[in-house]
Undergrad: 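Would you mind keeping the following structure in view while I ask a few things?
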Amino acid sequence: MDATRRQLLWVGGALGTTALLGACGGNDPTPAARPNGSEKPRKGGTLRVGALGRASAVTRDPHGVQANESDYLIIALVYDTLTAPGAKPNTAPRLATRWTSSRDLRTWRFTIADGATFHDGSPVTADDLVWSLKRLRNTPSGASRMPGVAARNIRPYGERGVELVSDYPNAELPQLVRLSTFILKRGTPEKEIHRSPGTGPFKLDWYRGGNARLVRNDAWHGGEVLLDAIEVRLFESPQALSNALLAGQLDLASNVGAVAARTAERRQDIQVIRRRDDMPLPIVMRTADGPFADPRVRQALRLAVDREAMVEQALSGYGVVGNDIMGTGDPAYDRSLPQRVRDLDRARKLLAEADFDLSRTYELVTTEDVAALAESATLFASQVREAGVRVKVVKRDSTVFYDDVWLKGDLYTTYWGTNDSVVFFASKTLSADAAQNEAGWRDASFDAAYRKAMRTADASERATLLRELQKIQHERSGYLLWGVADGIDLAAAPVRGLPKLPGYGRVQLERAWLAR
């Protein structure tokens, strides 16, 4: 498409234009509960943060797969994405402070924040954006992180902007690039990627084996940062993480889980920050082939589960019952669909109709990457046994799981660290061409509903189309979403200004401060 043709597509005012990032912006986190609501934020101090991870899975590449919470936290504070999770609207400015779309919703232009510089003092340019996003797009997971945008369709927009052209109309592209479009300095050699200066609120001081110290970036384009530094420590288990917080070795235990919350509730010196609709914990049933390819079998397993018991026992009540639709935190989530409940008689009938082999024992593969994951697998196996299905729980190390099971296995647990949106999961895990199609699901009517919703500019009309998309998923996808865990952070009494947004909004610690 030539430049003249592109110019004809633009509409005055455009879709998705946002305000500048600032103290009053949609990205400003909600303060955690504090003793005195009139306290004035103070500057200084070091926030000691613990986050989950495994030393064997450490990565420092901002465009790599961050399996560790600790890695994502460090990267998200050092490097800025184009956009970020927000409250209302749920897409907020970050490195880009303004975006506009073409009339056909295929071409989007993002403009860099005024005064945005790298940590070495050099200005962020259009060439940096283009180079970074092309590098991201060419990674193994790039297609899922920038859905519908080929590397050849990433190009500069003036001196301080980038233009992304989607292969199809995409009304939600700004939302879909919120989590991983980290911007690096153009031309950074591959072996030096982890040393590329960032643009974020903190600079990397030192890094050792998954642990890091970050210091304040006084030149950050997003406003004043109060903390002098953040120190991040990697913990390999929720129990070790919570014990360190309770012993006074940490100021913040990030995403530590429900068991720790129960213990901390009795402590007056500990704040429990609870983020609703935070982490979906689905069981994945492969639909492309294998023993769960028959939709009647998948429906039977959904009916064999006691969801309330799963939430109460695996999550200690810190969560909500799921209804087999991914994206429960989305304002567009359809709560009018009937809640699926346990019905063992119907489950047995469906298994008989499908001629499902009840003489076999089926493996359910899980990990212990996050609290409650392995526990939920054990409960699931116990519950479906009452419908006649024998399941053996097999635990795998994270590295083995992601190499050998994820995207390939017949039956396995998974989790998403961000609950995000219906559109997010539709594009990244459910559409036929999704790079992370966890269940191998292909459904022509689902894909058609998704594409129609994405080419619809009117938000109200798009919401109607998204309800149809969710209905299809509810009826026959490969997900059994029994519950959504609350996000639980534990914080020492002096900590203030913590984010309460669900999902990856929790890593936006630039407004945190210490009242001591």
Side-chain angles (χ1 to χ4, degrees), residues 52 67-69 72 237-238 254-262 274-286 292 298 301-330 333 339-342 364-384 391 393-396 398 401-402 405-407 409-422 424-425 428-430 436 438-439 441 473-474 477-489 502-504 506:
L52 293 170
N68 288 343
E69 291 255 340
Y72 190 84
S237 75
S254 178
N255 214 32
V256 71
V259 174
R262 287 288 186 210
R274 188 170 179 174
R275 290 174 274 103
R276 305 283 186 174
D277 280 321
D278 192 65
M279 183 182 292
L281 298 166
I283 290 171
V284 179
M285 304 172 286
R286 184 166 177 80
F292 309 105
R298 301 196 297 275
L301 292 182
R302 293 189 187 103
L303 293 170
V305 172
D306 185 337
R307 297 159 194 260
E308 291 186 358
M310 293 274 279
V311 170
E312 186 59 35
Q313 295 175 48
L315 301 178
S316 298
Y318 283 87
V320 294
V321 167
N323 199 26
D324 306 320
I325 299 170
M326 302 290 281
T328 61
D330 193 336
Y333 178 70
Q339 173 63 54
R340 189 163 281 133
V341 296
R342 196 178 203 202
L364 169 59
V365 186
T366 188
T367 70
E368 294 181 306
D369 286 357
V370 297
L373 202 60
E375 293 87 342
S376 71
T378 301
L379 285 168
F380 171 84
S382 174
Q383 291 181 359
V384 299
V391 170
V393 175
V394 178
K395 295 180 183 179
R396 291 282 185 262
S398 296
F401 177 85
Y402 284 105
V405 179
W406 190 54
L407 307 182
D410 287 331
L411 188 67
Y412 61 92
T413 65
T414 188
Y415 69 97
W416 283 82
T418 181
N419 196 15
D420 220 273
S421 65
V422 169
F424 174 90
F425 288 107
K428 296 185 185 295
T429 75
L430 285 160
Q436 297 174 342
E438 294 182 309
W441 191 46
Q473 181 186 167
H474 183 260
S477 86
Y479 282 120
L480 190 167
L481 181 58
W482 57 268
V484 181
D486 291 344
I488 304 292
D489 298 334
Y504 287 135
R506 66 179 172 271

Undergrad: Please answer whether the main-chain N or O of Val484 pairs with a side-chain N or O of Asp278 as donor and acceptor at a distance below 3.5 Å.
TA: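 No, the answer is negative, given that no donor and acceptor are paired below the 3.5 Å cut-off.
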
Undergrad: Do the side chain of Gln383 and the main chain of Asp306 share a donor and acceptor less than 3.5 angstrom apart?
TA: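 Between the backbone of Asp306 and the side chain of Gln383 there is a qualifying donor-acceptor contact (under 3.5 Å).
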
Undergrad: Within the side chain of Arg262, is there an N or O that forms a donor-acceptor pair under 3.5 Å with the backbone of Ser316?
TA: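 Such a contact is found between Arg262 side chain and Ser316 backbone.
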
Undergrad: Run the ring-ring contact (aromatic ring centres under 6.0 Å, His included) test against Trp416 and tell me which residues pass, sequence neighbours left out.
TA: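 ring-ring contact (aromatic ring centres under 6.0 Å, His included) list for Trp416, sorted by chain: Phe424, Phe425.
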
Undergrad: Looking only at non-hydrogen atoms, find the nearest pair between Met310 and Phe380 and report the distance.
TA: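 For Met310 and Phe380, the tightest heavy-atom pair comes out as SD-N, 3.9 Å.
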
Undergrad: Quick one: side-chain hydrogen bond (donor to acceptor under 3.5 Å, both in side chains) pairs with a partner in residues 370-379, sequence neighbours left out?
TA: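 Passing the test, one end in residues 370-379: no pairs.
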
Undergrad: Identify, with sequence neighbours excluded, every residue that meets ring-ring contact (aromatic ring centres under 6.0 Å, His included) alongside Phe401.
TA: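 With sequence neighbours excluded, Phe401 shows a ring-ring contact (aromatic ring centres under 6.0 Å, His included) to Tyr412, given in chain and number order.
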
Undergrad: Give a yes or no on whether a salt bridge exists between Arg506 and Asp489, defined as a side-chain N under 4.0 angstrom from a carboxylate O.
TA: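 The answer is no: the pair does not qualify as a salt bridge.
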
Undergrad: Under the rule for side chain to side chain donor-acceptor pair (under 3.5 Å), what residues qualify as partners of Asp277, not counting sequence neighbours?
TA: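 Expected list: Thr328.
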
Undergrad: Nearest 0.5 Å please: distance from the OG1 atom of Thr413 over to the CZ atom of Arg396.
TA: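 Nearest 0.5 Å value for the OG1-CZ distance: 12.0 Å.
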
Undergrad: Who pairs with Phe292 by ring-ring contact (aromatic ring centres under 6.0 Å, His included), at least two apart in sequence or on another chain?
TA: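 Partners of Phe292 under the ring-ring contact (aromatic ring centres under 6.0 Å, His included) test: Tyr362.
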
Undergrad: Applying side chain to side chain contact (heavy atoms under 4.5 Å, CB included), can you list everything that pairs with Arg276, at least two apart in sequence or on another chain?
TA: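 Checked Arg276 against side chain to side chain contact (heavy atoms under 4.5 Å, CB included); matches are Arg274, Asp486.
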
Undergrad: Give the minimum heavy-atom separation between Gly478 and Arg302, together with the two atoms involved.
TA: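 Reported closest heavy-atom pair: N-NH2, 4.1 Å.
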
Undergrad: Check whether any side-chain N or O of Ser477 sits under 3.5 Å from a backbone N or O of Tyr479 as a donor-acceptor pair, and report yes or no.
TA: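 Yes, because the side chain of Ser477 sits within donor-acceptor range (under 3.5 Å) of the backbone of Tyr479.
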
